[in-house]
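Here is how names work: the chains are called A, B, and so on, in the same order as the sequence lines, proteins then strands, and each is numbered from 1.
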2 protein chains.
Amino acid sequence: MSRPAEISQEELIAVATLVTARLGPAATSIAAVSKAAGIPTGSIYYRLPSRDALLAEIWLSAAERFQALALEKFRAARSLDEAAEAALVTPRFAREQHAAAVVLNSHRREEFLRAGVPEAYRARAAKLAAEMRDGIAAIAERLLPGDPRAKEIIAVALIGIPLGAVRVFLPQAVPPMEIDAAIEAAVRAALGAQ
Amino acid sequence: MSRPAEISQEELIAVATLVTARLGPAATSIAAVSKAAGIPTGSIYYRLPSRDALLAEIWLSAAERFQALALEKFRAARSLDEAAEAALVTPRFAREQHAAAVVLNSHRREEFLRAGVPEAYRARAAKLAAEMRDGIAAIAERLLPGDPRAKEIIAVALIGIPLGAVRVFLPQAVPPMEIDAAIEAAVRAALGAQ
DNA sequence: ACAGTATTAGAATATATATTCTAAATAATA
DNA sequence: TATTATTTAGAATATATATTCTAATACTGT
């Protein structure tokens with residue numbers, strides 16, 4: 001019934017994610033994205049209301065993918081050892097979805113979810129944050145019952161440490177397989193250290 | 001002999017560092033910095049040739065301070081246990097120099113050292129990078145002799161892991177004291193894991 | 001074939017902000 | 001007290017880029 005789009009919304013976000021991984025969110029201009037996607041600047045405004053919305057989509061699509069993987073693994077862990085193994089989801093994600101990992105790991109969330117972003121995006125971000133908070137709390141209760149600092153320890157061990165290890169190699173390279181053993185050992189030690 | 005400046009170059013960089021820690025490098029405009037410093041926009045150009053130079057100064061001053069502390073500690077470590085203790089320089093720096101830690105830890109170096117930055121800044125950054133690379137190599141040779149992956153392990157353990165742990169709390173908060181034990185245990189485990 | 005519609009295409013406009021410029025102000029020195 | 005160098009002060013200009021607008025296009029269903 002109408003002229004077909006050169007590129008779907010999903011493909012557009014994927015291209016924009018690559019641009020952001022290479023140049024950073026500040027340099028992710030409408031012109032840069034439209035050039036990378038091979039479509040005119042005006043066309044982007046048929047998919048998204050503003051540049052702020054584009055940046056929010058880039059971050060949210062990366063975060064939703066990573067978080068779904070991570071929480072699934074974390075929820076399945078029945079022991080500290082299994083939790084340490086689950087923490088390897090982070091280096092694996094960085095290998096398989098490099099650009100998304102750079103977006104999440106080498107930049108601040110605030111650079112993508114800016115002040116003027118439409119409420120719908122804000123709601124998606126709030127839902128993600130609540131899910132992660134609840135997930136952390138549940139694991140803390142299950143694996144470190146009675147520990148008053150359990151949530152901080154879990155967040156540091158399962159999120160902070162693997163992310164930091166991976167970040168040594170991002171954004172230029174991919175984390176080598178050899179560091180996974182170090183990450184797993186480190187996470188296990190952090191979980192057992194309180 | 002002349003009208004005195006309202007603010008010294010060091011104070012200007014300190015104010016700009018606070019602005020960047022709060023708003024990020026992209027929002028660190030000349031107007032935002034001059035407003036925070038209480039001086040007119042034009043005055044900033046008497047100290048620095050451009051906004052790119054300002055951003056470079058912000059990053060370099062933070063990085064030089066952190067790296068001097070970190071390399072001193074790392075060089076003094078004579079065992080894996082001492083190295084693990086030395087890694088606590090990262091959470092301590094985050095507590096004592098919060099804004100500088102946010103600049104270094106919550107943003108990419110490339111956002112500060114941009115394409116158009118004068119060569120002098122580029123040279124300072126290159127010197128820092130070389131010093132860190134040499135420092136890591138020396139520690140790797142000393143503490144993990146013969147290990148082909150020693151440099152990666154040392155970088156992940158002494159830099160990546162503590163930075164990642166601290167980043168769970170930045171930029172809003174300061175890392176609580178309680179996580180230092182987890183960091184030290186994690187670093188020790190990562191060092192001993194190959 | 002034709003009408004209808006979403007999209008392309010890219011120029012025009014608006015806006016934000018980096019940078020430059022002119023004049024006035026300030027303090028040390030002669 | 002007059003001179004001089006430096007900085008303040010903030011307006012003017014330049015530039016980059018987000019957003020809007022008009023027209024042309026390409027496909028689908030009738």
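- Looking only at side-chain heavy atoms (C-beta outward), Glu111(B) and His107(A) come within less than 4.5 Å of each other.
- With rounding to whole Å, Ile39(A) atom CD1 is found 11 Å from dT7(C) atom P.
- In this structure, CD1 of Ile44(A) is placed 17 Å from C1' of dA6(C), rounded to the nearest angstrom.
- Distances from the side chain of Thr41(A) to the nucleotides dA18(C), dT8(D), dG10(C) place dG10(C) closest.
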- Message: Evaluate Thr20(B) against Thr28(B) for side-chain hydrogen bond (donor to acceptor under 3.5 Å, both in side chains), listing each step before the verdict.
- Response: CA-CA 6 Å; Thr20(B) 300; Thr28(B) 300; 2.9 Å; yes

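- Distance Ile30(A) CD1 to dA16(C) C1': 15 Å, rounded to the nearest Å.
- Toward the 5′ end of DNA chain C lies the nearest nucleotide of Gly42(A), the other residue of the pair Gly42(A) and Ala31(B) mapping further downstream.
- In this entry the distance linking OH of Tyr45(B) with C1' of dA11(D) reads 15 Å, nearest Å.
- Counting only heavy atoms from C-beta on, Arg47(A) has its side chain closest to dT7(C) among dT7(C), dT17(C), dA18(D).
- Taking atom CG on Leu55(A) and atom P on dT19(D), their separation rounds to 10 Å, with Å as the unit.
- The same ILVMFWY cluster, assembled from side-chain heavy atoms under 4.5 Å apart, contains both Trp59(A) and Ile30(A).
- Here the P atom of nucleotide dT7(D) and the CD atom of Gln9(B) are 11 Å apart, to the nearest Å.
- Contact of the Gln9(B) side chain with the Leu48(B) side chain is registered, since non-hydrogen atoms from C-beta on lie closer than 4.5 Å.
- For the OP1/OP2 pair of dT20(D) and a distance below 4.0 Å, the side-chain nitrogens and oxygens of Arg51(A) include no atom meeting the criterion.
- As a whole-Å value, the separation of Leu23(B) CG from dT17(C) P is 11 Å.
- In this entry the distance linking CG of Leu48(A) with C1' of dT7(C) reads 14 Å, nearest Å.
- OP1 or OP2 of dT8(C) sits under 4.0 Å from a side-chain N or O of Ser43(A).
- Partner of Glu57(B) under the salt bridge (charged side-chain N to carboxylate O under 4.0 Å, His left out) criterion, chosen from Arg124(B), Arg47(B), Arg51(B): Arg124(B).
- Here the nucleotide nearest the side chain of Ser29(A), chosen from dG10(D), dG10(C), dA18(D), is dA18(D).
- If you check distances only, the side chain of Tyr46(B) does reach the base of dT8(D) with a donor-acceptor pair under 3.5 Å.
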